[in-house]
Protein chains: 4
Amino acid sequence: MSAADTPQADPPPRGRPRSKELDASILSATLELAAEVGINGMSMDDLAQRAGVSKASIYRRWPSKELLVIDALRSAMGPLDAVDTGDVGGDLRSILGDLVARFSSKERMNDVLPHLIEVSTHDPALRVELEAYTQLRRVPIRASLERGVARGEVSPDADLDTLIDALLGPIIYRRLLTGGPIDTAFIERLMALVVPGR
Amino acid sequence: MSAADTPQADPPPRGRPRSKELDASILSATLELAAEVGINGMSMDDLAQRAGVSKASIYRRWPSKELLVIDALRSAMGPLDAVDTGDVGGDLRSILGDLVARFSSKERMNDVLPHLIEVSTHDPALRVELEAYTQLRRVPIRASLERGVARGEVSPDADLDTLIDALLGPIIYRRLLTGGPIDTAFIERLMALVVPGR
Amino acid sequence: MSAADTPQADPPPRGRPRSKELDASILSATLELAAEVGINGMSMDDLAQRAGVSKASIYRRWPSKELLVIDALRSAMGPLDAVDTGDVGGDLRSILGDLVARFSSKERMNDVLPHLIEVSTHDPALRVELEAYTQLRRVPIRASLERGVARGEVSPDADLDTLIDALLGPIIYRRLLTGGPIDTAFIERLMALVVPGR
Amino acid sequence: MSAADTPQADPPPRGRPRSKELDASILSATLELAAEVGINGMSMDDLAQRAGVSKASIYRRWPSKELLVIDALRSAMGPLDAVDTGDVGGDLRSILGDLVARFSSKERMNDVLPHLIEVSTHDPALRVELEAYTQLRRVPIRASLERGVARGEVSPDADLDTLIDALLGPIIYRRLLTGGPIDTAFIERLMALVVPGR
DNA sequence: GATTAACCGAGACGGTACGTCACGTCTTTAA
DNA sequence: TTAAAGACGTGACGTACCGTCTCGGTTAATC
């Protein structure tokens with residue numbers, strides 16, 4: 001099913017086409033700057049200069065700073081590598097371990113999530129994007145758990161959504177609120193509680 | 001023998017003392033305005049006007065909007081009413097139920113937490129306050145769980161901290177990220193997973 | 001050979017050019033407001049509003065209120081109408097009479113000169129502008145005196161600069177310090193003293 | 001005629017009398033500070049601290065910054081030493097020479113006069129004080145000229161007021177507006193014009 | 001000697017203006 | 001039509017100063 005068979009095909013583009021190089025340049029400058037000075041300290045003027053681009057060219061592509069940041073995030077994430085170690089315990093240790101590694105890195109990028117959450121409070125469009133992004137991160141865990149159900153490692157009447165919440169929620173909670181340590185020991189205790197015996 | 005036999009007697013206050021009425025007036029105006037227009041939409045000028053106070057009088061007391069908001073929050077919270085229904089299940093249903101009610105209310109106050117999290121990213125002082133506030137909210141749950149251990153309802157070798165994280169984390173996670181429903185059904189599923197049989 | 005064969009061709013202007021309408025709007029609003037409430041009572045916010053312009057647009061053009069006022073003054077002055085009645089006495093009566101009329105008008109604009117003098121005390125840039133403006137006002141008198149020398153009405157070894165000082169100085173002095181009357185009678189007495197017989 | 005026979009004699013002072021030391025301390029601190037940072041750069045808070053005095057004690061004595069400054073000026077001036085060299089030319093050279101010396105000194109105090117002029121524009125009380133101060137400075141010149149009239153050095157039908165204006169005005173004018181040199185050469189040229197032969 | 005009224009230092013207070021900054025839009029010339 | 005450059009409106013920021021007010025405490029003259 002091709003993209004072109006929508007009833008109202010876009011008219012053939014007129015005028016100078018948008019440069020794809022600018023797209024890339026803006027996105028990477030965003031990642032750089034946000035990492036350096038934090039998302040709040042990054043002004044759109046500075047960003048434009050860093051990217052060697054005019055502000056208008058940015059706003060022609062993204063309607064707001066935050067939607068740009070979320071796209072930059074997505075572009076940086078790359079395709080989620082499907083994890084399949086053969087048992088649920090291994091899968092989760094791998095996936096959650098990645099998360100631990102990411103959070104323990106000292107990058108300033110750490111303030112991106114808080115910022116997006118805050119802005120999405122008054123920006124429904126961003127809220128939609130943020131929730132989509134959040135769901136994306138749940139996919140591999142869900143896949144692993146479903147394989148676990150098939151293999152009999154996970155009870156067939158478990159509520160997988162709640163299970164995922166119970167795995168990711170405490171990590172996020174520590175990250176955003178308590179400031180408690182997020183390490184492999186914590187992951188083990190958490191799994192002992194939520195998926196005992198795995 | 002002087003009246004102030006504390007080891008470190010602070011010097012007697014000099015000059016005109018700060019008006020306690022202004023303290024109160026500012027704090028309550030903060031709660032009102034933040035609830036009405038959100039913490040981001042609340043400008044310090046508007047706040048000063050609403051409180052019937054000059055901006056300087058606010059900045060004399062709090063170095064930033066956020067520290068002020070945290071104080072306002074604390075002032076509004078009052079002493080946490082100790083919950084003790086006699087069993088852990090009842091306690092948790094009561095405490096988490098309160099949380100559910102708070103989150104489902106439609107007040108604009110809902111953006112306070114996201115905002116504080118975001119700002120505390122670049123403000124260590126605020127971060128300290130926020131974590132202190134967070135710990136405060138954990139106290140009643142911990143007390144209940146400890147009574148549960150004493151009564152034999154909770155395993156004595158359970159890691160209470162992780163347990164609390166596993167109860168609060170998923171709720172916060174839904175609130176801030178997935179946008180999933182936070183209701184009694186969710187609480188029940190969560191408890192079934194984390195404190196089975198309660 | 002390029003179109004701009006001035007030795008120092010400035011680079012072609014880039015970006016959106018400054019609106020000349022805003023220039024005009026700001027200058028005329030400055031004259032209006034300064035006349036109404038005095039230069040000290042004129043806040044930059046009020047001025048911006050009156051001109052229908054943002055404060056930033058003002059500060060983009062002028063670094064301070066006073067340089068703006070000086071420019072406004074210059075813009076309002078227009079080309080000095082050359083006075084030539086045929087004899088020095090007539091010229092001076094015309095020129096100084098204009099000054100008298102200006103000072104006796106009850107406009108608030110009267111505080112402009114005092115204000116500019118005061119501020120130029122700590123602002124060398126403004127000082128330069130003020131002296132340039134002052135010199136401008138001397139030009140017609142000097143021209144008239146030079147014609148008088150040519151016609152033999154004024155002694156050829158008179159020091160014209162001192163002569164001008166002796167004509168303008170007492171008027172300014174009364175205006176700024178003694179508060180004494182500045183009228184045609186005073187002008188006559190002054191001329192009888194400084195340019196006797198004219 | 002004593003000060004006490006006004007119909008409503010001041011009641012005998014009750015309570016603690018004002019400290020005369022504070023008067024002196026405030027006045028001298030005013031002269032110091034105004035000389036150092038200029039009258040505009042001198043804040044009343046700084047002044048109070050420099051004088052080792054509370055702001056209230058200043059405002060108890062003077063109703064505004066400017067009236068204080070004018071008093072400080074008067075206190076610094078001391079009694080005008082009567083000049084009498086025996087002829088008008090000598091007197092004027094002495095008196096105007098003093099003025100030249102004062103203006104050529106590099107003290108920051110130089111901005112006092114401009115500031116007072118400017119503020120007196122919107123402050124009638126200050127205006128009165130300023131004009132009184134101005135008249136004070138004219139007294140010795142007038143006295144000298146009157147002696148000159150008696151001695152036949154000055155024409156008996158000269159208008160002394162205009163004469164004084166013509167002597168002081170150009171000096172003030174250069175000082176405040178043109179920035180031209182104020183030196184003995186200028187004084188000589190001026191006198192040659194206004195009091196020829198002296 | 002007690003009272004009293006004005007003094008004093010310290011610093012809080014309302015009001016007002018300041019000059020700066022960032023966002024997202026608009027307007028120009030050039031490609 | 002896109003691009004670079006930068007002007008523009010809007011609106012908030014945190015600071016500074018003025019002149020007033022409010023504390024606790026001090027000093028003389030009066031009772």
Side-chain angles (χ1 to χ4, degrees), chain A residues 13-19 21-22 40-49 51-66, chain B residues 12-19 21-22 40-49 51-61 63-65, chain C residues 11-19 21-22 40-49 52-61 63-65, chain D residues 11-19 21-22 40-49 51-66:
Chain A
R14 310 243 302 153
R16 174 173 174 177
R18 288 196 190 158
S19 159
E21 296 173 14
L22 289 199
N40 239 343
M42 171 183 83
S43 80
M44 293 304 271
D45 286 86
D46 289 353
L47 175 59
Q49 188 164 21
V53 145
S54 77
K55 260 202 301 179
S57 293
I58 302 178
Y59 281 103
R60 207 172 289 120
R61 288 165 169 79
W62 293 275
S64 78
K65 184 178 179 176
E66 282 72 29
Chain B
R14 312 253 289 156
R16 175 175 176 176
R18 295 208 182 143
S19 159
E21 294 175 16
L22 289 200
N40 237 341
M42 172 181 82
S43 80
M44 295 304 269
D45 285 88
D46 288 354
L47 175 59
Q49 188 165 20
V53 146
S54 75
K55 251 199 306 182
S57 292
I58 302 180
Y59 281 107
R60 206 174 287 122
R61 289 166 166 77
S64 77
K65 192 201 270 193
Chain C
R14 312 255 290 157
R16 175 176 176 175
R18 295 208 182 142
S19 160
E21 296 175 15
L22 288 200
N40 238 341
M42 172 181 82
S43 81
M44 295 305 269
D45 285 87
D46 289 353
L47 175 59
Q49 187 165 22
V53 146
S54 76
K55 251 198 308 179
S57 292
I58 301 179
Y59 281 106
R60 205 174 288 120
R61 288 167 167 77
S64 76
K65 193 201 271 192
Chain D
R14 310 247 301 155
R16 173 177 177 176
R18 289 198 189 152
S19 159
E21 296 173 14
L22 289 199
N40 239 344
M42 172 182 82
S43 80
M44 294 305 268
D45 286 86
D46 289 354
L47 174 59
Q49 188 165 20
V53 146
S54 76
K55 260 202 301 180
S57 293
I58 301 179
Y59 281 102
R60 206 174 287 121
R61 290 164 167 79
W62 293 274
S64 77
K65 183 178 177 176
E66 282 72 28

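Below, read A as the first sequence line, B as the second, and so on, with proteins coming before strands; counting in each chain starts at 1.
For the pair C:Glu21 CD and F:dC8 P, the computed distance is 11 Å after rounding to whole Å. Nucleotide F:dA4 holds its P atom 10 Å from the CZ atom of C:Arg14, rounded to whole Å. Straight-line distance from the CD1 atom of D:Ile58 to the P atom of E:dC7: 15 Å, rounded to whole Å. At whole-Å resolution of the value, CG in C:Asp46 and C1' in E:dT16 are 10 Å apart. If you measure from atom CE of C:Met44 to atom P of E:dC21, you get 16 Å, rounded to the nearest angstrom. Summarising the geometry, the separation between CG on C:Asp45 and C1' on E:dG15 is reported as 14 Å, rounded to the nearest angstrom. What separates CD of B:Gln49 from P of E:dG14 is a distance of 13 Å, to the nearest Å. Distance, C:Arg16 CZ to E:dC26 C1': 5 Å, rounded to whole Å.
Here the closest non-hydrogen pair linking B:Ala48 and B:Ser54 is CB-C, 4.1 Å.
Considering only side-chain N and O atoms, B:Arg61 lies under 4.0 angstrom from the phosphate OP1 or OP2 of E:dC13. Note on C:Lys65: a side-chain N or O is less than 4.0 Å away from OP1 or OP2 of E:dC18. Between A:Ser57 and the phosphate of F:dA4, there is a side-chain N or O to OP1/OP2 separation shorter than 4.0 Å.
Between the side chain of D:Arg18 and the base of E:dC7, no donor-acceptor pair under 3.5 Å is found. Evaluation of atom-type donor-acceptor distances gives no pair under 3.5 Å for the side chain of D:Lys55 against the base of E:dG11.
The side chain of C:Val53 sits closest to F:dG9 out of F:dG9, F:dC13, E:dG14. Counting only heavy atoms from C-beta on, D:Leu22 has its side chain closest to E:dG9 among F:dA4, E:dT20, E:dG9.
Distance check, rounded to the nearest 0.5 Å: OH of A:Tyr59 to OG of A:Ser64 gives 7.5 Å. Distance check, rounded to the nearest 0.5 Å: OG of D:Ser43 to NZ of D:Lys65 gives 7.0 Å. In this structure, A:Ser19 OG and A:Arg61 CZ are separated by 6.5 Å, a value rounded to the nearest 0.5 Å. Between the CZ atom of C:Arg18 and the CZ atom of C:Arg16 there is a distance of 12.0 Å, given to the nearest 0.5 Å.
Residue A:Arg60 is the one, among A:Arg60 and D:Asn40, whose nearest nucleotide of DNA chain F lies closer to the 5' end (criterion: closest heavy atom). Toward the 5' end of DNA chain E, the nearer of the two residues C:Met42 and B:Gly15, judged by each one's closest nucleotide, is B:Gly15. Between B:Ser64 and D:Glu66, the residue anchored nearer the 5' end of DNA chain F, judged by the nucleotide with its closest heavy atom, is B:Ser64.
Among the atoms of the strands shown, none is found under 4.0 Å from any heavy atom of A:Gly41.
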